Chemist: 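One structure follows; several queries about it will come next.
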Amino acid sequence: MPQLSLISIVDGEYRTDLKCAACDLCSSPLLVTNCMPGTGPHNATYMIVGRSPDKGDDKIGRPMTGVNGRLLHEMLREAGINYNNCYFTNTLRCSPFETTIKERQWASCRDYFIKELEEVNPTVLIAAGAQAMTWLTGQTGLRKLRRRGLPCAISGQESRLVFPIEQPASLLNTRGPEQVVMRNSMVADLQWIREQTQSGNIMLGGDIPKDYRVAMTPQQADDILDEIETHDLLACDLETGSTEWEPMLFPYSNGRVVAVGFSWGPGIARAIPLYARGVDSFLLWTDKIYEHIKTRLAKIFREKKLFGQNFLSFDQKWVRSSFGVDFCNIDFDTMVAHYLLDEERGTHGLERLALVYTTMSPWKSLFALADTNNLCRYLCHDVDATWRLREVFEPMLSQKQKWLLQELLLPLSDVLMDVEYKGVRVADEALENLNGVLTKKIVSVTSRVRKRQQVRGWESVNNDEFNPGSPVQVADIMQNYMKLKCIKRTGSQAFSTDKEVLAHYNSRPFVADIEMWRRLMKLQSTYVEQTRRLLGEDGKAHTSYKVHGTVTGRISSSSPNLMNLPRNDTVAKILDDGSLIKSLFVPDEGQVLLQADYSQIELRVMACLSGDERFCGFFREGKDAHAATAAVVQSCLIEQVTKEQRQGAKKVGFGIIYGMGEESLIKSFVEEGNTESAARKFLSDHKTAFPGVWRYMGMQERMIRMQKYQETPFGRRRRYTEVNQESIRQAYNFPTQSTASDLTLLSIIRIYHAMKQLGIQARIVLTVYDSIILSVPMEKFWEVARIVKHLMESLSFHWLTVPIKVDLEAGMDWGHLKKVDLENQSFKSDI
DNA sequence: TCCTACGGCGCT
DNA sequence: AAAGCGCCGTAGGA
């Protein structure tokens with residue numbers, strides 16, 4: 001034990017000549033003060049905890065008296081927090097600059113801290129900076145935990161409340177207006193903490209009583225299972241874990257379901273562990289008991305009505321692989337429901353939702369010490385939160401949102417889960433070959449770059465190897481060694497070296513090399529290597545789709561992202577054969593890929609939503625919309641429209657959908673070689689010709705001004721906190737992008753179930769925004785093609801007043817697709 | 001050592 | 001800066 005008398009120095013008496021024997025840091029010659037005690041009154045309301053003394057503190061011998069400390073004092077005063085009400089201390093009493101602290105050293109300081117904490121007994125703790133916060137609460141991510149009361153994670157101190165704030169020192173790293181903004185927000189945070197503390201609003205232990213139980217013995221497991229079986233509706237969650245160090249790759253042969261949890265009411269939770277975790281685990285299930293529990297759980301998964309937090313896209317796969325139940329009866333999902341209520345990205349985490357919508361306190365830190373028992377306690381919190389959140393969210397959903405949940409997002413999640421689970425086949429040999437080819441090319445470009453005279457100069461000046469992947473170094477060479485004029489700046493006003501700039505200067509060999517190097521690296525690192533790394537043991541790519549990933553209602557794809565693979569024409573700029581990337585994705589053995597695309601779906605949706613008669617007419621009459629637009633604006637016959645005129649009309653069409661400002665539209669016209677007056681005339685003629693379109697756009701702006709949100713025909717909403725140029729552009733784009741996406745999503749569900757019902761072995765392998773790709777047995781090809789086209793085109797809604805059209809393509813891999821001619825049952829030559 | 005921000009770039 | 005994404009490597013702070 002450390003000498004506890006050291007920290008009893010409070011109430012204004014300081015000593016700097018103390019010797020602490022708890023660790024050896026005190027003896028560092030870099031330090032003036034040895035074992036710096038805290039300072040301030042007993043029973044202070046606020047105990048302010050930094051990481052360690054800074055140099056100024058060390059010189060003076062008291063915490064938070066240096067530059068940083070003075071800053072903090074100023075801000076405290078501005079926030080209305082009285083200095084006499086504060087006790088200042090640090091997690092570490094001695095911390096020689098740039099010394100790595102060992103666990104033993106941390107531990108000895110912790111004992112001082114606990115003693116000090118108990119003596120001072122503050123109302124709340126304020127953690128100054130991320131490190132102090134982590135030390136006190138076990139949690140990371142200071143930004144997202146601002147203005148949050150967290151439980152202290154130090155053993156025996158769990159009932160104490162910790163408020164994190166940014167480290168005052170971070171102010172010193174900024175300048176000018178940014179510094180003012182940051183400082184204001186820090187003062188505001190302190191003010192908020194004062195208000196919370198004075199009002200007593202945030203209290204730990206203010207939650208309802210908890211009835212959590214963990215099965216520690218086989219008998220208890222059976223009792224809990226008996227109990228679960230008496231309920232028909234259960235919140236459910238699974239904890240899974242890797243049995244090895246490697247990440248889990250499908251089909252998760254190195255992963256296990258570690259525990260299963262259920263809840264059937266607020267504050268009620270049960271957890272059943274299945275697989276021992278951590279050295280302290282109590283779990284000693286024999287194989288026989290394990291199988292017995294598994295069988296009983298499988299019955300629950302098959303028969304009960306369940307709901308969870310993102311259950312369908314995560315837990316369901318494990319239920320399938322570990323319990324043999326392919327689909328559960330899921331009637332709700334708290335994450336998806338919250339997404340419908342609030343589309344903002346990254347706000348759907350379970351703990352966050354529980355903090356906002358229930359009286360629960362954070363429990364995430366339990367996971368850090370996740371032996372079997374703690375993991376099960378963690379799981380109990382999860383399912384309890386899930387149950388409570390359903391009670392909160394369900395009544396909040398509008399009729400349309402209920403429809404979206406039940407008829408669109410839950411069925412869609414089922415389908416996407418199945419699509420992800422089965423995966424898409426990858427031509428692994430071709431993948432390896434391509435990787436080799438790219439490696440060779442990159443090596444050669446790299447060595448060529450390093451022989452360039454400018455690079456040699458740079459290397460000798462900097463005494464370092466030039467890295468073509470460093471925008472800083474590339475900019476340095478272009479600006480200072482080649483004396484190239486800056487034509488574009490980055491967000492931080494640095495010399496931009498993006499592809500536009502490189503293209504501008506690519507007559508210079510060095511710049512051309514960098515351009516090629518970047519393209520090659522992009523192909524290799526983002527597409528080839530990532531695909532390789534994430535390939536399952538079955539040689540397939542198992543992407544994961546998110547239905548809650550975007551503010552517009554589009555789905556997103558990740559690990560690997562199969563929605564941004566480079567098109568053939570892009571790859572052709574880099575490699576001789578442009579199909580090399582997409583052709584890596586192939587149908588199941590002996591089958592063929594069928595791709596069904598909605599043609600110009602966003603434009604059609606825009607026509608419907610705006611109700612512009614002329615624009616709708618183009619689609620009803622089956623005209624080429626862009627050419628027809630050009631014909632109207634130029635007052636000529638559609639046959640007389642030149643390629644350039646059509647291109648111009650197309651630009652306006654998309655410009656409108658994307659909320660492009662008039663000035664930028666005109667600018668892009670001029671860049672294409674038109675005169676400014678011609679561009680202006682085109683635009684004003686367009687407005688005259690399509691008044692409905694422009695009226696509709698104006699309506700969107702009024703909508704977000706008046707009610708602060710928009711709603712699509714399907715009931716998707718997008719909220720806006722303020723109205724500015726950015727939000728107005730978003731408002732122009734949202735209804736079309738969202739509604740077009742929903743049409744594809746509904747089609748995915750319909751196609752999936754049609755194939756199932758008809759017993760056809762064709763399956764959806766991919767989907768990219770407006771297209772659906774299936775792997776189809778050869779002999780069923782024409783039948784499937786006909787069904788898919790029909791299903792997609794026959795969607796019918798009262799607002800859908802123009803026909804929607806689907807183009808079909810097919811091929812033996814994704815890189816070689818040919819147009820399908822259904823009439824003649826033939827394929828048209830290369831596209 | 002980890003984490004975050006940034007510059008950059010692929011797709012619809 | 002024309003909407004919406006995911007992911008790469010670098011750079012810098014903690």
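Please read these numbers as outputs of a predicted model, since none were measured by experiment.
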Chemist: Find the distance A:Asn568:CG to B:dC11:C1' and express it as a whole number of Å.
Modeler: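 Rounded to the whole Å, the gap is 13 Å.
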
Chemist: Give the rounded distance in Å between these two atoms: CD of A:Glu500 and P of C:dA1.
Modeler: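 A:Glu500 atom CD is separated from C:dA1 atom P by 15 Å.
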
Chemist: Taking only heavy atoms on the protein side, list every residue of residues 712-737 of chain A lying under 4.0 Å from any atom of DNA chain B, sorted numerically.
Modeler: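 Correct list: empty, so none.
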
Chemist: Can you tell me how far C1' of C:dA1 sits from NZ of A:Lys667, to the nearest Å?
Modeler: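 Computing the A:Lys667:NZ to C:dA1:C1' distance gives 8 Å.
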
Chemist: To the nearest Å, give me how far apart NZ (A:Lys651) and C1' (C:dA3) are.
Modeler: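 Taking NZ of A:Lys651 and C1' of C:dA3, I get 16 Å after rounding.
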
Chemist: Using side-chain heavy atoms (C-beta onward) and a distance below 4.5 Å, is A:Tyr545 in contact with A:Thr767?
Modeler: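 Touching, per the 4.5 Å side-chain cut-off.
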
Chemist: Any side-chain N or O of A:Ser664 below 4.0 angstrom from OP1/OP2 of C:dA1?
Modeler: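 It does not, given that no N or O in the side chain of A:Ser664 lies less than 4.0 Å from OP1 or OP2 of C:dA1.
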
Chemist: Assess whether a salt bridge exists between A:Glu711 and A:Arg717, defined as any Lys/Arg side-chain N lying under 4.0 Å from an Asp/Glu carboxylate O.
Modeler: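 Yes, A:Glu711 and A:Arg717 are salt-bridged.
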
Chemist: Think A:Ser492 has a side-chain N or O under 4.0 angstrom from the OP1 or OP2 of B:dC6?
Modeler: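 A:Ser492 to B:dC6 OP1/OP2: no side-chain N or O under 4.0 Å.
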
Chemist: Between A:Thr712 and A:Thr736, is any pair of side-chain heavy atoms under 4.5 Å apart?
Modeler: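 The answer is no, as the side chains (C-beta and beyond) never meet within the 4.5 Å cut-off.
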
Chemist: Taking 4.0 angstrom as the limit, do A:Lys488 and A:Asp498 come out as a salt bridge?
Modeler: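 A:Asp498 and A:Lys488: salt-bridged.
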
Chemist: So, A:Ser727 and A:Asn724: side-chain donor and acceptor under 3.5 Å apart, yes or no?
Modeler: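 Yes - a donor-acceptor pair under 3.5 Å links their side chains.
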
Chemist: Report the nucleotide, chosen from B:dG10, B:dC9, C:dA14, that has the shortest atom-to-atom distance to any side-chain atom of A:Thr570.
Modeler: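 Closest nucleotide among those given: B:dG10.
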
Chemist: Please answer whether C:dA3 and A:Tyr658 are stacked, defined here as ring centres separated by less than 5.5 Å and planes angled under 30°.
Modeler: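 Yes, aromatic ring over the base.
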
Chemist: Does B:dT12 have OP1 or OP2 sitting under 4.0 Å from an N or O in the side chain of A:Arg567?
Modeler: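 Yes, because at least one side-chain N or O of A:Arg567 sits under 4.0 Å from OP1 or OP2 of B:dT12.
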
Chemist: Could you tell me whether A:Arg533 and A:Glu529 make a salt bridge, using a distance below 4.0 angstrom between a side-chain N and a carboxylate O?
Modeler: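 Between A:Glu529 and A:Arg533 there is no salt bridge, as every charged N stays at least 4.0 Å from the carboxylate O atoms.
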
Chemist: In whole angstrom, what separates A:Lys573's NZ from B:dC9's C1'?
Modeler: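 Going from NZ in A:Lys573 over to C1' in B:dC9 covers 12 Å.
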
Chemist: Just the rounded figure in Å: distance from C1' of B:dC9 to CD1 of A:Ile514.
Modeler: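 Result: 16 Å.
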
Chemist: With the threshold set at 4.0 Å, does a side-chain nitrogen-carboxylate oxygen contact exist between A:Arg718 and A:Glu344?
Modeler: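 No, this pair does not count.
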
Chemist: Does A:Arg518 place a side-chain N or O at less than 4.0 Å from the phosphate oxygens OP1/OP2 of B:dC9?
Modeler: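 Yes, A:Arg518 has a side-chain N/O under 4.0 Å of OP1/OP2 on B:dC9.
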
Chemist: What is the per-nucleotide protein-contact pattern of nucleotides 5-11 of chain C, from the 5' end, where B denotes a base atom under 4.0 Å from a protein heavy atom, S denotes such proximity for sugar-phosphate atoms only, and - denotes neither?
Modeler: SBSSSSS

Chemist: In whole angstrom, what separates A:Gln493's CD from B:dC6's C1'?
Modeler: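 After rounding, the reported distance stands at 14 Å.
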
Chemist: In this structure, how many angstroms lie between the P atom of B:dC11 and the CZ atom of A:Phe654, rounded?
Modeler: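 For the pair A:Phe654 CZ and B:dC11 P, the rounded distance is 15 Å.
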
Chemist: Ignoring backbone atoms, establish whether A:Lys499 has a side-chain N or O less than 4.0 Å from OP1 or OP2 of B:dG10.
Modeler: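 So the side-chain polar atoms of A:Lys499 do come within 4.0 Å of the phosphate oxygens OP1 or OP2 of B:dG10, strictly under.
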
Chemist: Count the heavy atoms of every other residue, nucleotide or ligand shown that sit under 6.0 Å from NZ of A:Lys667, and state whether that count exceeds 12.
Modeler: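 Incorrect, the count does not exceed 12.
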
Chemist: With a cut-off of under 6.0 Å to the ring centre and 45° to the axis, is A:Arg450 in cation-pi contact with A:Phe466?
Modeler: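 The answer is no, since A:Arg450 fails at least one limit relative to A:Phe466.
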
Chemist: Report which part of the nucleic acid A:Leu565 touches: base, sugar-phosphate, or nothing (heavy-atom distance under 4.0 Å, all strands).
Modeler: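 Sugar-phosphate, backbone atoms only, no base.
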
Chemist: Would a 4.5 Å heavy-atom cut-off, applied to side chains only, mark A:Val474 and A:Met478 as touching?
Modeler: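 Contact flag for A:Val474/A:Met478 side chains = yes.
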
